[in-house]
**Student:** 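Mind having a look at this structure? Questions to follow.
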Amino acid sequence: MQDRIVSRDFYEADVLSVAKGLLGRLLVHCSEGGRTSGMIVETEAYSAEGDPSCHAWRGKTNRNAVMFGPPGRAYVYFIYGNHYCFNVVTNRVGRAEAVLIRALEPVEGMETMHKRRGKHHQINNLTSGPGKLCAALGIGRSENGLSILEPPLFIAAYREIETAAIGISGRIGISRGKEKPWRFFLRDNPFVSRMR
DNA sequence: CGGGAGATGGGCT
DNA sequence: GCCCATCTCCCGA
């Protein structure tokens, strides 16, 4: 089946709409290990506007520069000395917003993903976290700033999600802005990083 | 099976 | 030097 790649206008919207709208879509990376992909089941929104937990809150720096650029690009950053996190830039140039992809349901390239994650993992521990899914899909430093509007890295239509199937909560792993209901996930999906 | 601590390195004060 | 949008292992129950 042909990929129906999500186009730039989808990302030219406020970060909360995009965060919700990404649920049920397929994140695909084609690289040396072949094609790996998963359905997006958990996202979080970050915005420089009134959100102290956002990397861009204090203004533009080398690390967060991609967030200030055009929508439809990957913002990948390194965290805790071990892990990468993958974000999608939204809205318009100068407006620093991004959606963190927190969990996937594995779809293609299972063998490659297992190999990249190392050791033996249960299937529901393969991509159920922002650091885990980057490792599984082979996303790292060199993908930062890359377009996600065409291969090798893109997001495509996959499943239609009903509003009633979406759960909402505070974001995970931050100290400021915990109370904002900016985390979105598929209720009852076993690949979500944590239930709430 | 739930909680806690250690690993580990880059970014920013 | 401290913080950090995390993961894994190990412990106790």
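Protein chains get the first letters and strands the later ones, always in sequence-line order, with residue 1 at the start of each.
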**Student:** A:G131 near the nucleic acid: base, sugar-phosphate alone, or nothing, with a heavy-atom cut-off under 4.0 Å?
**Tutor:**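 Touches sugar-phosphate only.
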
**Student:** Assess the pair A:Y77 and A:Y75: is the distance between their ring centroids shorter than 6.0 Å?
**Tutor:**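 Yes, the ring of A:Y77 comes within the 6.0 Å limit of the ring of A:Y75, centre to centre.
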
**Student:** Should A:F191 and A:I139 be counted in the same cluster of Ile, Leu, Val, Met, Phe, Trp and Tyr side chains packed under 4.5 Å apart?
**Tutor:**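 Per the 4.5 Å side-chain linkage, A:F191 and A:I139 are co-clustered.
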
**Student:** Using a 4.0 Å cut-off to any heavy atom of chain A, which nucleotides of DNA chain C are the first and last in contact, reading 5' to 3'?
**Tutor:**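 Span of nucleotides near chain A: C:dC4 to C:dC9.
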
**Student:** Check the interface with nucleotides 5-7 of chain B: list each N/O to N/O pair with the protein under 3.5 Å, or write none.
**Tutor:**
| unit_1 | atom_1 | unit_2 | atom_2 | d |
| --- | --- | --- | --- | --- |
| B:dA7 | N3 | A:N82 | ND2 | 3.4 |

**Student:** Would one find a side-chain N or O of A:T61 under 4.0 angstrom from OP1 or OP2 of B:dC12?
**Tutor:**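 For B:dC12, OP1 or OP2 has a side-chain N or O of A:T61 closer than 4.0 Å.
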
**Student:** Flag the pair A:I155 / A:I40 as yes when at least one side-chain heavy-atom distance between them is below 4.5 Å, and no otherwise.
**Tutor:**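 Yes, side chains in contact.
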
**Student:** Report which part of the nucleic acid A:R63 touches: base, sugar-phosphate, or nothing (heavy-atom distance under 4.0 Å, all strands).
**Tutor:**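 Sugar-phosphate: the residue A:R63, judged by heavy atoms under 4.0 Å, touches backbone atoms but no base.
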
**Student:** Between A:M67 and A:R117, which is nearer to the 5' end of DNA chain C once each is assigned its nearest nucleotide?
**Tutor:**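 Residue closer to the 5' terminus by nearest nucleotide: A:M67.
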
**Student:** Would you please say whether a donor-acceptor pair under 3.5 Å links the side chains of A:S169 and A:R194?
**Tutor:**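 A:R194 and A:S169 do not have a side-chain donor-acceptor pair below 3.5 Å.
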
**Student:** How is A:N87 classified with respect to the nucleic acid when contacts are heavy atoms under 4.0 Å: base, sugar-phosphate, or nothing?
**Tutor:**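 A:N87: base contact, heavy atoms under 4.0 Å.
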
**Student:** Does B:dT8 pair with anything, Watson-Crick or G-U wobble, both distances under 3.5 Å, and if so, with which nucleotide?
**Tutor:**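 Because no pair has both required distances under 3.5 Å, B:dT8 counts as unpaired.
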
**Student:** Hydrophobic clustering (ILVMFWY, side-chain heavy atoms < 4.5 Å, transitive) - are A:L153 and A:V89 grouped together?
**Tutor:**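 No; tracing contacts between hydrophobic side chains, which count when under 4.5 Å, never links both residues.
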
**Student:** Do the side chains of A:F10 and A:M67 join up, straight or via other hydrophobic residues, at under 4.5 Å, putting them in one cluster?
**Tutor:**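 No: no chain of side-chain contacts under 4.5 Å links A:F10 to A:M67.
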
**Student:** Want to settle it: does A:N64 or A:I79 sit nearer the 5' end of DNA chain B, counting the closest nucleotide to each?
**Tutor:**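 Of the two residues, A:I79 wins.
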
